[in-house]
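Have a look at the structure below, then the notes.
Proteins get letters first, then strands, A, B, ... in listed order; numbering begins at 1 in each.
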Amino acid sequence: MKNEPETESIDHALAAPHATLAWSGVRNYQARNFMRDQMQVGDGVLYWHSSCAEPGIYGLASIASEARVDPTQFDPASPYHDPRSSPDKPRWLLVDVKALHKTRPVGIAELRSHPALADMTVLQKGNRLSISEVTPAQWHYLNEHLLQPC
DNA sequence: GCCAACGTTGGC
DNA sequence: GCCAACGTTGGC
């Protein structure tokens with residue numbers, strides 16, 4: 001799950017109450033559907049920093065809630081406001097994400113240097129999804145070889 | 001329901 | 001700040 005370290009880095013997440021962030025602002029149907037249909041409480045999350053000097057994995061987290069309505073869609077003052085959405089017909093969802101610990105930063109170039117990770121969705125050219133899937137094999141490889149806590 | 005134009009994302 | 005990729009919009 002990608003987030004911008006400017007405002008919601010792994011450090012921000014760890015410092016939040018219960019080390020948990022409401023993952024608001026997802027405005028893409030495919031990403032929303034991952035939260036709604038695929039995620040389960042306790043699932044592991046790679047905490048990705050995007051739109052920054054060195055995009056990549058910076059921490060581990062886990063899913064801490066079912067998908068629920070993202071309140072920012074109803075807030076005209078929010079950058080995530082969606083005027084086409086209404087409380088009786090909400091369009092966007094969020095999940096709570098609980099940060100577990102920081103990892104050594106593992107940037108895109110390093111990830112790409114591992115053939116075992118070549119198919120990771122987040123590494124594919126043109127990928128713009130802020131939420132993407134990690135296979136069990138990729139997850140295992142990452143944890144085994146690259147993601148020591150720090 | 002097709003598809004061109006437009007907007008957004010995010011790595012570089 | 002550039003631009004490739006791709007999602008969304010809206011005229012037809």
query: Does A/W48 put a side-chain nitrogen or oxygen below 4.0 Å from OP1 or OP2 of B/dT9?
result: no

query: Where does the angle between the aromatic ring planes of A/H49 and A/Y58 fall among parallel (under 30°), tilted (30 to 60°) and perpendicular (over 60°)?
result: parallel

field: Rounded distance in Å - NE2 (A/H49) to P (B/dT9)
entry: 18 Å

- request: Check the distance between C/dC6's C1' and A/Y29's OH and give it to me in whole angstrom.
  value: 16 Å

field: Test side chain to side chain contact (heavy atoms under 4.5 Å, CB included) applied to A/I57 and A/I10, A/L146, A/L111, the passing residue
entry: A/L111

Rounded distance in Å - CG (A/L123) to C1' (B/dC12): 15 Å

- prompt: Considering only B/dT9, B/dG11, C/dA4, which nucleotide approaches the side chain of A/K125 most closely?
  reply: C/dA4

task: Round to the nearest Å and state the distance from A/M1 atom CE to B/dG10 atom P.
output: 13 Å

- request: Nearest whole angstrom, please: distance from the C1' of B/dT8 to the CZ of A/R27.
  value: 14 Å

Main-chain N/O of A/D96 paired with A/T20 side-chain donor or acceptor, under 3.5 Å: no

task: Using atom CD of A/E110 as one end and atom C1' of B/dC12 as the other, report the distance to the nearest whole Å.
output: 18 Å

field: Atom CD of A/Q124: over 12 foreign heavy atoms under 6.0 Å
entry: yes

message: Starting the side chain at C-beta, find the nucleotide from B/dG10, B/dC12, C/dT8 nearest to A/K2.
response: B/dG10

message: Both A/R112 and A/R128 contact DNA chain B. Which one's nearest nucleotide lies toward the 5' end?
response: A/R128

query: Once you round it to whole Å, what is the distance between P of B/dT8 and CG of A/L129?
result: 17 Å

- request: To the nearest Å, give me how far apart CD (A/Q124) and C1' (C/dC6) are.
  value: 15 Å

query: Out of B/dC12, B/dG11, B/dG10, which nucleotide sits closest to the side chain of A/S130?
result: B/dG10

